[in-house]
Amino acid sequence: MLPPVEAIVRLFAFALIFAGMAIWEVLRPRRALVAGRSRRWPSNIGILIVDVLAVRVLIPTAAVGAALFAAGNGWGLFRLAELRLSFAAVLGFLALDLVIYAQHVVFHKVPWLWRLHRMHHADLDVDLTSGLRFHPIEILISLAIKIAVVLALGIPAVAVLAFEVVLNATSMFNHSNIAMPRWLDRLVRFVVVTPDMHRVHHSVRRYETDSNFGFNLPWWDRLFRTYRAEPEDGHAGMTLGLPIFRDPKELRLDRLLTQPFREDRSEH
Ligand SMILES: [Zn+2]
Ligand SMILES: [Zn+2]
């Protein structure tokens, strides 16, 4: 598998899911937006472009490249255990998802990591573009962790590519501002984190922020008792974002990039 193939597959899947979720949000929105699209979308998409450029410049091989390197050099526990490719792929996918869950918990608990991650939480609305809004330093740390896991386990490249595509798609899906029938949410929530499940994580209330850490598979939150079914104030009534950085000018791209290094001065 050549790197351009990886980039094309990822870009195509991204464009398809982005368009689908954007149309769904317009046709069947869950909540009225507080800050709106025009203030947020240029910045949220801008930060995605910064992230993609940072990764392509600093870690151009990405996680798929690490998987190909591990395969070429016989690295990884899965290879030592001589697992069948299909089994190693499924196990590798699950391992990556668990690691991303654990990483998310750690980013909430360690103060300097929370400074990086809280920019994701400072969005005043949550829609599909919030699922793309991560600080480039968080993205680079996350990629380094994924590469370490891929090398240590020897996860097959096909599983790594599938994981990256699925994680990108589910992140846009579970941040989207779409109305889903309750019965459908309950059903989907057994296998994938739904928008109603992840929205609890974006509550301004800290105990709700510190729940529902899963981005993709919903099982880890149930297993490690970080699951919260509903927000206390209901989905229509809850306040999204953080108690700090509530000034709408904090939605600007330059402010997003500097938020980890600043205290909130909007009230001064
Ligand atoms: Zn979080
Ligand atoms: Zn989120």
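Atoms within each ligand, like the ligands themselves, are counted from 1 in listed order. The first residue in the sequence is number 1, and the count goes up from there.
- Side-chain N or O atoms of Asp125 include one that pairs as donor or acceptor with a backbone N or O of Gly36 at under 3.5 Å.
- Residue Asn216 forms a side chain to side chain contact (heavy atoms under 4.5 Å, CB included) with just one option from Val193, Leu96, Val191, Val166, and that option is Val166.
- When hydrophobic clusters are built by joining Ile, Leu, Val, Met, Phe, Trp and Tyr residues whose side-chain heavy atoms come closer than 4.5 Å, directly or via intermediates, Val160 is grouped together with Leu91.
- Side-chain atoms of Trp219 and Asp97 include no donor-acceptor pair closer than 3.5 Å.
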Full working for side-chain hydrogen bond (donor to acceptor under 3.5 Å, both in side chains) between His120 and His104: CA-CA 11 Å; His120 174 67; His104 192 181; over 6 Å; no
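- Of all protein N, O or S atoms, those under 2.8 Å from the Zn ion (ligand 1) number 5.
- For the pairing with Arg30, the salt bridge (charged side-chain N to carboxylate O under 4.0 Å, His left out) check across Asp127, Asp196, Asp185 returns one residue only, Asp196.
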